[in-house]
Amino acid sequence: MGGVELLTITVLAVFVGFEVVSKVSSTLHTPLMSGANAIHGIILVGAIIVAGQAADPIVLAVALLAVVLATANLVGGFVVTDRMLEMFRGRRPGPGAGAAVPGDAAKEVRE
Amino acid sequence: MGGVELLTITVLAVFVGFEVVSKVSSTLHTPLMSGANAIHGIILVGAIIVAGQAADPIVLAVALLAVVLATANLVGGFVVTDRMLEMFRGRRPGPGAGAAVPGDAAKEVRE
Amino acid sequence: MILLDPLWTALLYLLAAVCFILALKGLSSPRHARRGNLVGAAGAVVAVVAVFLSARLDNIPWILGSIALGTAVAAPVARRVRMTQMPQLVALFNGVGGGAAALVALLELPHAAGQDDAWMRLAIVFTLLVGAVSFAGSGVTFAKLQELMTTRPVVFPGLAAVMGAVLLAALGCAAAVVLLGSYPLALALLGLGLVAGVLLVLPVGGADVPIVISLLNAFTGLAVAASGLVLGNVLLVVAGTLVGASGTILTRAMAAAMGRSVGGIMFGAFRGGSTAGSTAMSERPVRSGSPEDVAVLLGYAQRVIIVPGYGLAVAQGQHTAAELAQALEERGIAVDFAIHPVAGRMPGHMNVLLAEADVPYEALKEMSEINGDFRHADVALVVGANDVVNPAAKTTPGSPIYGMPILEVSDARQVVFLKRSMRPGFAGIENELLYEPQTTLLFGDAKESLTKVLAAVKGL
Amino acid sequence: MILLDPLWTALLYLLAAVCFILALKGLSSPRHARRGNLVGAAGAVVAVVAVFLSARLDNIPWILGSIALGTAVAAPVARRVRMTQMPQLVALFNGVGGGAAALVALLELPHAAGQDDAWMRLAIVFTLLVGAVSFAGSGVTFAKLQELMTTRPVVFPGLAAVMGAVLLAALGCAAAVVLLGSYPLALALLGLGLVAGVLLVLPVGGADVPIVISLLNAFTGLAVAASGLVLGNVLLVVAGTLVGASGTILTRAMAAAMGRSVGGIMFGAFRGGSTAGSTAMSERPVRSGSPEDVAVLLGYAQRVIIVPGYGLAVAQGQHTAAELAQALEERGIAVDFAIHPVAGRMPGHMNVLLAEADVPYEALKEMSEINGDFRHADVALVVGANDVVNPAAKTTPGSPIYGMPILEVSDARQVVFLKRSMRPGFAGIENELLYEPQTTLLFGDAKESLTKVLAAVKGL
Ligand SMILES: NC(=O)c1ccc[n+]([C@@H]2O[C@H](COP(=O)([O-])OP(=O)(O)OC[C@H]3O[C@@H](n4cnc5c(N)ncnc54)[C@H](OP(=O)(O)O)[C@@H]3O)[C@@H](O)[C@H]2O)c1
Ligand SMILES: NC(=O)c1ccc[n+]([C@@H]2O[C@H](COP(=O)([O-])OP(=O)(O)OC[C@H]3O[C@@H](n4cnc5c(N)ncnc54)[C@H](OP(=O)(O)O)[C@@H]3O)[C@@H](O)[C@H]2O)c1
């Protein structure tokens with residue numbers, strides 16, 4: 001693929017990144033950090049390609065190490081982000097809910 | 001240039017466009033309309049290329065028509081947008097300024 | 001003459017594309033907007049210089065002459081046009097851009113004649129068709145707005161059938177061009193596109209024309225992007241896509257502000273609906289007042305909200321309105337301008353208009369911001385606005401503006417209308433508010449009325 | 001096995017890239033955030049499947065085994081980690097990602113040995129160096145946060161000189177690799193990168209570690225983007241660039257919230273400054289109270305603002321805090337949570353923490369939103385926070401937190417601190433507010449104290 005096309009794509013991706021991320025509410029900055037962290041685990045694709053082309057056992061070993069590391073990054077990142085975001089669903093339905101919604105009560109009181 | 005690269009560039013440009021434009025304040029929607037209008041005048045580049053390759057006089061005539069139209073779009077669009085935006089500079093300094101700033105006065109009164 | 005190798009050319013194009021993005025980004029605040037626009041213009045210059053330096057071009061004198069001609073025609077018009085005629089001008093520029101894209105695509109067809117170029121021919125027919133629709137459609141909107149023809153929807157029996165036939169024929173031509181690369185059929189496609197553009201816009205009522213302009217703007221953007229695919233030119237792709245996105249967003253925003261759907265606006269006429277209501281005027285009594293009456297109402301109020309509309313733009317009364325506001329402020333009265341998003345004839349029209357009169361944009365209150373304040377206002381002064389304050393939008397389900405959010409002027413203690421007659425606004429429907437007991441009408445041109453009221457206020 | 005031709009592969013990669021963009025877009029509102037993250041994960045799956053179907057790969061069983069291993073290690077850790085340890089975990093994942101990028105680049109070097117591949121080798125050395133820095137630096141931050149080593153800045157004489165030498169050597173190696181493609185030098189560069197990463201992070205004080213994590217996150221993103229250039233893989237380019245942009249923005253936002261500059265944080269130690277202040281504790285008297293005293297203060301207030309900090313996270317007292325808020329609400333008291341952007345150890349840490357306790361996010365007030373309200377509050381209840389309410393940020397120019405915007409708890413009529421001792425917060429400086437007459441201290445673990453106060457409030 002030509003260098004200029006890649007450069008163009010990079011420049012546009014920079015704009016997309018800045019525009020999209022600057023809209024993230026500060027409430028979600030921790031999930032943003034771990035979510036972005038998960039995304040760069042996609043280096044896994046590169047690691048797989050390298051490992052799939054490896055002929056030499058040492059090269060293969062190094063490449064497989066890269067695969068393990070990248071997978072840990074990718075899978076762990078998405079799982080941990082999901083766990084965090086699960087907490088943002090707001091009120092959980094069920095018996096525990098009533099005891100832990102000070103916000104709503106606050107509104108009733110103040111209005 | 002490969003089709004996939006162009007597609008990728010298009011997709012990213014769509015994201016950039018939507019993200020950037022959705023941040024434009026509604027106050028500036030008219031200049032946005034005419035500014036975007038100016039930008040598509042860049043078809044001039046295509047018209048120039050076509051005209052520069054024309055051998056046949058009819059083709060040349062059509063291509064030159066395209067050049068004229070595209071230039072009108074490009075130049076006129078930017079000029080008219082500039083004129084509009086000039087008005088948004090806010091208060092003009094000078095003698096006329098005092099007579100036409102109800103907003104500031106309004107603030108004084110209300111505070 | 002080739003001074004630039006393809007790499008540098010591509011980099012300059014990329015630079016130009018970035019300039020265009022920055023131009024749109026600049027519009028996120030009035031402060032940087034003008035500089036942004038200049039950056040965009042600089043990007044255009046870079047791109048044009050790059051094309052001259054990079055490609056082996058013949059006919060350079062002719063090309064330069066054509067550029068000079070285009071500039072000589074467009075620049076003075078753009079510099080001198082009155083702000084009320086801005087929508088027409090944008091329509092015009094939009095149309096010629098679409099036309100240029102269609103012509104470029106037409107001329108590229110012979111270069112895409114190969115067996116493997118079917119994708120390219122697909123992009124070509126797209127550009128041809130969409131560019132032609134945009135050209136012809138914009139021409140009709142121009143004619144409507146410039147009142148070269150009626151602003152009312154033009155509908156005739158069988159319109160839907162004709163449109164369907166045209167579209168089918170266009171589709172057939174398009175398929176043939178893609179498969180066979182036939183040049184005569186491409187010309188036919190161009191012609192069909194022109195017809196389709198005319199038919200598409202004819203049945204649209206005057207009040208909906210700005211939406212159509214914005215939609216055609218998006219169309220032209222897409223046509224330019226497709227021509228970029230044809231020419232393998234990243235700049236055209238990016239620029240066209242940006243315009244397509246912005247046109248889409250604007251169209252949707254406008255339609256939402258009018259409480260309508262884009263589909264309903266474009267194809268309402270084909271389904272038998274029409275955007276124009278009845279124009280029968282009722283004979284009920286109204287209360288009209290003199291400039292002095294209005295001056296008293298205003299001069300002894302504590303809070304006044306001015307609602308500008310299209311009539312203020314027509315009358316070019318913005319400076320007088322600003323002066324009146326200033327005079328009231330000097331009497332200790334709080335004055336705001338309430339801006340409806342579709343007041344006037346373009347989105348944000350009132351903002352441009354009042355900015356021209358040096359009203360700082362902080363003094364312009366958006367609808368959502370000010371709607372709650374009318375109930376604390378002593379007087380709502382409606383200057384040349386009608387549809388945007390018409391309660392029919394809330395009360396009359398059949399009305400063409402039903403569902404559009406309006407400025408709640410009827411909450412104010414007193415409502416004053418400055419207009420020339422009892423004629424309705426652009427949507428063509430009567431305004432019940434004119435007959436309400438709290439309403440006073442001052443008939444006459446907005447600028448003249450404002451001048452008289454201003455004089456009377458100063459004399460209080 | 002090649003089931004997909006390059007076109008389809010590229011389209012699937014593009015799809016995955018779009019999924020990643022949507023994942024980040026989802027974070028603009030808590031409602032769509034989780035779905036967005038799942039879309040991102042789906043994109044990753046698509047990409048991995050695409051690579052298996054599209055390239056002629058050997059060693060597939062080994063690769064699948066490695067993926068299984070990575071998953072088996074990471075998923076349970078990610079699922080079980082306590083929320084207080086989140087920063088460490090993110091640092092760890094970030095580091096391994098950077099390491100993977102560096103290894104990929106290393107293995108690609110032999111494929112970029114040609115005369116014309118200098119640009120590619122440039123991308124390779126960039127990935128190598130930045131990936132290694134990110135790996136080693138993240139390792140050190142992990143050790144600091146996990147308290148495997150001191151959280152205080154580690155500085156030794158000549159640090160700056162050593163760092164300079166390492167960087168110079170790295171630069172030399174990098175140039176040699178670009179020009180000659182030498183493999184041993186690439187290995188040396190990897191080593192130098194590791195050393196540089198360690199040296200870069202050692203002198204950073206504990207409180208600044210989250211900023212460094214975010215910065216290294218951006219680094220890894222850039223390394224991945226560069227490796228995408230090496231492999232000609234659009235997906236890696238886009239994904240890496242997105243992460244680079246998000247890391248940059250986050251780093252700047254955090255630094256701004258702490259009133260610091262990124263450069264000052266990273267290189268302060270080299271210039272002799274240090275992020276830690278004095279830890280000398282003064283012997284002045286403070287007013288400490290019993291849980292019952294605090295309950296009375298709270299129970300008869302009209303407006304209470306709770307200020308959570310890192311200590312609340314450590315004590316896992318978020319559920320108890322939510323219950324206390326609920327109990328106070330039931331007594332008719334208005335309760336808000338005031339969230340400082342850098343309270344805790346990660347940006348938005350408190351939001352995550354309180355969301356876990358089902359406090360609806362509407363009840364969490366941002367600093368700018370609530371700072372004006374403290375003067376109307378009867379009690380500000382500071383639970384395990386310290387630096388973010390320390391007036392030294394405004395009054396003591398030499399202090400490491402000087403310039404950081406703080407929550408103005410001293411405006412409240414009464415201030416209650418729940419903490420275990422008189423020890424300072426993460427920045428290591430004393431808090432004058434603890435000695436003020438309106439301040440009451442309740443010593444003890446935040447969760448235990450909250451439980452006691454809650455019981456006492458219920459008994460009022
Ligand atoms: N802004 C946009 O983007 C946009 C887009 C699409 C559609 N539209 C449509 O345009 C309309 C805008 O509403 P609007 O309230 O601003 O305008 P309007 O409803 O068209 O009303 C304009 C009023 O101004 C009066 N007028 C005209 N010339 C005047 C003059 N020289 N002096 C004093 N009064 C004058 C007219 O009454 P007389 O003739 O009796 O004087 C008329 O009642 C809406 O229907 C909207 O949907 C706007
Ligand atoms: N959030 C971010 O993104 C971020 C990023 C970079 C830096 N930082 C830094 O981190 C700091 C955050 O400020 P902060 O006010 O939240 O925290 P802090 O200043 O570190 O104070 C935490 C307080 O909690 C108390 N504490 C600890 N464990 C406790 C427990 N189990 N029960 C009760 N109290 C306990 C500690 O006092 P005792 O030991 O006496 O109990 C300490 O005073 C700032 O310096 C900020 O700059 C944050």
Side-chain angles (χ1 to χ4, degrees), chain B residues 1 6 9-10 13-14 17-18 20-24 26-30 32 34-37 39-43 45-52 62-64 66-82 84-85 87-88 90-92 100 102-103 105-106 109-110, chain C residues 20 24-25 27-28 30 33-34 37 41 44 47 51 57-58 63 66-67 69-71 74-75 78 90 93-94 96-97 99-101 103-104 107 217 220-221 224 227 229 231-232 237-239 241-243 245-246 249 322 325-326 329 334-335 346-348 351-352 355-356 358 360-363:
Chain B
M1 187 173 302
L6 282 175
I9 289 171
T10 309
V14 168
F18 274 96
V20 169
V21 172
S22 63
K23 272 189 199 153
V24 173
S26 65
T27 311
L28 292 175
H29 271 173
T30 297
L32 169 62
S34 79
N37 188 22
I39 287 176
H40 65 48
I42 199 65
I43 183 68
V45 166
I48 291 175
I49 292 176
V50 173
V62 175
L64 290 181
V67 171
V68 174
L69 295 182
T71 308
N73 182 181
L74 190 70
V75 175
F78 279 115
V79 170
V80 96
T81 308
D82 184 63
M84 241 184 283
L85 290 174
M87 297 169 184
F88 280 90
R91 283 147 278 152
R92 259 179 277 244
V109 170
R110 257 166 268 143
Chain C
F20 289 159
L24 293 181
K25 261 180 86 75
L27 290 170
S28 58
R34 195 175 179 203
N37 187 55
V51 72
L57 296 181
D58 300 326
I63 297 175
S66 304
I67 292 179
L69 177 62
T71 308
V90 171
F93 289 153
N94 184 44
V96 298
L103 294 180
V104 169
L107 299 180
N217 203 4
T220 307
V224 169
S227 76
L229 295 180
L231 295 166
V237 172
V238 173
T241 310
L242 288 177
V243 178
S246 96
I249 289 186
Q326 170 77 0
E329 296 280 2
V335 183
M346 302 188 81
N351 293 294
V352 179
E356 190 185 356
D358 278 339
Y361 43 87
E362 297 88 2

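Below, read A as the first sequence line, B as the second, and so on, with proteins coming before strands; counting in each chain starts at 1.
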Which heavy atom of [X] sits nearest to which heavy atom of [Y], and what is that distance?
{"X": "B:G46", "Y": "C:V104", "value": "C-CG2, 4.0 Å"}
{"X": "C:N37", "Y": "B:D82", "value": "ND2-N, 3.3 Å"}
{"X": "B:M84", "Y": "C:V352", "value": "CG-CG1, 3.4 Å"}
{"X": "C:A75", "Y": "B:V75", "value": "CB-CG1, 4.1 Å"}
{"X": "C:A78", "Y": "B:V80", "value": "O-CG2, 3.7 Å"}
{"X": "C:F93", "Y": "B:N73", "value": "O-CG, 3.3 Å"}

Only counting residues at least two apart or in another chain, list the ones meeting side chain to side chain donor-acceptor pair (under 3.5 Å) with B:S34.
B:T81
Report which part of B:L32 has an atom under 4.5 Å of a heavy atom belonging to chain C: side chain, backbone, both, or neither.
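Contact with chain C is through both the backbone and side chain of B:L32.
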Could you give the distance from [atom1] ([X]) to [atom2] ([Y]), rounded to the nearest 0.5 Å?
{"X": "C:L57", "Y": "B:I49", "atom1": "CG", "atom2": "CD1", "result": "7.5 Å"}
{"X": "B:H40", "Y": "C:F20", "atom1": "NE2", "atom2": "CZ", "result": "11.5 Å"}
{"X": "B:L85", "Y": "C:L27", "atom1": "CG", "atom2": "CG", "result": "6.0 Å"}

Taking side chain as everything from C-beta outward and backbone as N, CA, C, O, which of these in [X] sits under 4.5 Å from a heavy atom of chain B? Side chain, backbone, both or neither.
{"X": "C:L231", "value": "side chain"}
{"X": "C:V90", "value": "both"}
{"X": "C:S227", "value": "side chain"}

Taking [options] one by one, which has the highest count of heavy-atom pairs under 4.5 Å against chain C?
{"options": "B:G41, B:G17, B:G77, B:A66", "answer": "B:A66"}
{"options": "B:V20, B:L74, B:V14", "answer": "B:V20"}
{"options": "B:V24, B:N37, B:L69, B:V68", "answer": "B:N37"}

What I'd like to find out is whether the side chain of [X] reaches to under 4.5 Å of the side chain of [Y], using heavy atoms alone.
{"X": "C:L69", "Y": "B:L64", "answer": "no"}
{"X": "C:V238", "Y": "B:I9", "answer": "yes"}
{"X": "C:I67", "Y": "B:I48", "answer": "yes"}

For chain B, find which of C:L229, C:T241, C:N217, C:L24 contributes the most heavy-atom pairs closer than 4.5 angstrom.
C:N217
Identify which of C:N94, C:L242, C:V51 forms the greatest number of heavy-atom pairs closer than 4.5 Å to chain B.
C:N94
Judged by modelled atom types alone, do B:H29 and C:N351 share a side-chain donor-acceptor pair under 3.5 Å?
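No, C:N351 and B:H29 have no side-chain donor paired with an acceptor closer than 3.5 Å.
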